[in-house]
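Heads up: the structure comes next, in structure tokens.
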Amino acid sequence: MISFNKIFKNSLVLAGITLALFFALYFYFALNGTVSVKEYYTYSFFICCFVVLPLYAIYCFLSILIVARSKAKNYKEIEDLMTFKQGFKIGFYTVFFAGVVSLLTIFVFFNTYGEWAQDSLKQGLLDTFTANMSDPKTSKDIVAFRNSEAYKTLNLFTVKNFFGLFSIFLSFYIAISALFSQFLKKRVF
């Protein structure tokens, strides 16, 4: 069975990749004056949905696959093969710890040093909504909100939003861990 230290090291590698992507985009936006706030928001959304989530799924699959193969290599009886519980534990803990570390780091960053980047994300979000609105009244409401006092004090990265977002990611972690564990349990390669 894979040790907890190995799972935690794999989690730190995955969190490091996630944070490298995050800070690469942040520095690209901060140092490149040609990137608009709308593009920064779009790139952030793209990286989160189409790079980070598949990365976590692939990493989860590979961590379970490695254990399943190593157990299948030396098995004598069917009980020696990887069980669903073992696979789920390895896959879930790996992505869970990586997700906690990376999300906490990002939320702390946006609430301390990256407040101007948070403002840029807010502006990019509203620019995207305004550009894609077919209803002119809703577009005017967004413009009115942008000029209000509530917009100036709006924080996208509150504790409430953190736990809301983390619950969505947690559902994803559970689903991929269960799927891959079920697929690879008791498998002989």
Side-chain angles (χ1 to χ4, degrees), residues 4-5 7-60 63 91-133 138-177:
F4 183 75
N5 288 337
I7 291 171
F8 195 68
K9 286 178 185 176
N10 284 339
S11 298
L12 291 179
V13 169
L14 187 56
I17 294 169
T18 305
L19 292 174
L21 288 169
F22 169 75
F23 283 111
L25 178 63
Y26 171 75
F27 285 118
Y28 177 71
F29 174 66
L31 301 175
N32 189 349
T34 61
V35 178
S36 70
V37 292
K38 184 177 175 185
E39 291 171 329
Y40 179 54
Y41 169 76
T42 304
Y43 294 154
S44 297
F45 191 78
F46 177 79
I47 287 174
C48 183
C49 292
F50 299 110
V51 177
V52 172
L53 291 180
L55 173 71
Y56 274 59
I58 290 168
Y59 210 90
C60 179
S63 64
F92 178 74
Y93 283 163
T94 301
V95 294
F96 176 77
F97 289 134
V100 167
V101 169
S102 58
L103 278 176
L104 278 175
T105 304
I106 290 168
F107 270 77
V108 167
F109 175 77
F110 274 127
N111 284 310
T112 54
Y113 298 107
E115 289 179 348
W116 71 271
Q118 181 183 167
D119 290 337
S120 298
L121 285 175
K122 283 193 304 191
Q123 291 174 12
L125 175 66
L126 291 179
D127 287 347
T128 303
F129 281 160
T130 307
N132 294 324
M133 284 292 154
T138 307
S139 183
K140 287 179 185 178
D141 290 342
I142 291 173
V143 171
F145 174 70
R146 185 178 284 188
N147 296 327
S148 71
E149 191 64 35
Y151 171 75
K152 294 174 185 167
T153 59
L154 177 67
N155 183 0
L156 296 176
F157 298 94
T158 61
V159 174
K160 179 183 174 185
N161 290 346
F162 171 80
F163 284 111
L165 181 65
F166 189 66
S167 66
I168 294 168
F169 283 129
L170 192 58
S171 300
F172 172 72
Y173 301 156
I174 290 170
I176 62 171
S177 298

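- Contact between V95 and S177 at its shortest, heavy atoms only, is CG2-OG, 4.3 Å.
- Taken to the nearest 0.5 Å, the CD1 atom of I142 stands 8.5 Å off from the CG atom of L125.
- Between L156 and Q118 the shortest heavy-atom distance is N-OE1, 2.8 Å.
- Residue V35 comes nearest to F29 through the heavy atom pair O-CE1, 3.6 Å, listed as atom of the first residue, atom of the second, then distance.
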Worked check of side-chain contact (heavy atoms from CB on, under 4.5 Å) between F8 and Y93: CA-CA 8 Å; F8 195 68; Y93 283 163; over 6 Å; no

Step by step, work out the side-chain contact (heavy atoms from CB on, under 4.5 Å) result for V101 and S11. CA-CA 9 Å; V101 169; S11 298; over 6 Å; no

Starting from the C-alpha separation in whole Å, work towards a yes-or-no answer on ring pair (Phe, Tyr, Trp, His ring centres under 6.0 Å) for F109 and F23. CA-CA 10 Å; F109 175 77; F23 283 111; 5.2 Å; yes

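- Contact annotation: the side chain of I106 approaches that of L19 to within less than 4.5 Å [non-hydrogen atoms, C-beta and beyond].
- Between D127 and Y41, every side-chain heavy-atom pair lies at or beyond the 4.5 Å cut-off.
- Remark: aromatic rings of F110 and F22 are close, center separation under 6.0 Å.
- Between T128 and F45 there is no side-chain heavy-atom pair separated by less than 4.5 Å.
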Using ring pair (Phe, Tyr, Trp, His ring centres under 6.0 Å), reason through F97 and F4 one step at a time and then give a plain yes or no. CA-CA 11 Å; F97 289 134; F4 183 75; 5.7 Å; yes

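- Within a 6.0 Å radius of CZ in F145, more than 12 heavy atoms belonging to other residues, nucleotides or ligands are found.
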side-chain contact (heavy atoms from CB on, under 4.5 Å) between T18 and Y56, intermediate numbers included: CA-CA 9 Å; T18 305; Y56 274 59; 3.1 Å; yes

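- Rounded to the nearest 0.5 Å, atoms CD1 (I17) and CG (L12) are 11.5 Å apart.
- Below 30°, between 30° and 60°, or above 60°: for Y28 and Y43 the angle between ring planes is between 30° and 60°, a tilted geometry.
- Once rounded to the nearest 0.5 Å, the distance linking OH of Y26 with CG of L121 reads 11.0 Å.
- For the pair S63 and T94, the tightest heavy-atom approach, listed with the atom from each and the gap, is OG-OG1, 4.2 Å.
- Summarising the geometry, atom CZ belonging to F92 is positioned 10.0 Å from atom SG belonging to C60; distances are rounded to the nearest 0.5 Å.
- Note that the CG atom of D141 and the CZ atom of R146 stand 13.0 Å from one another [nearest 0.5 Å].
- In this structure, F96 has its ring center under 6.0 Å from that of F166.
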Test side-chain contact (heavy atoms from CB on, under 4.5 Å) on F157 and E115; report intermediate values, then the result. CA-CA 10 Å; F157 298 94; E115 289 179 348; over 6 Å; no

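- Summarising the geometry of A57 relative to I176, their closest heavy-atom pair is CA-CD1, 3.7 Å, with the distance given to 0.1 Å.
- Minimum interatomic distance between K152 and K122 (heavy atoms only, all atoms of both residues): O-NZ, 4.1 Å.
- In this structure, the separation between OG on S167 and CZ on F172 is 14.0 Å, given to the nearest 0.5 Å.
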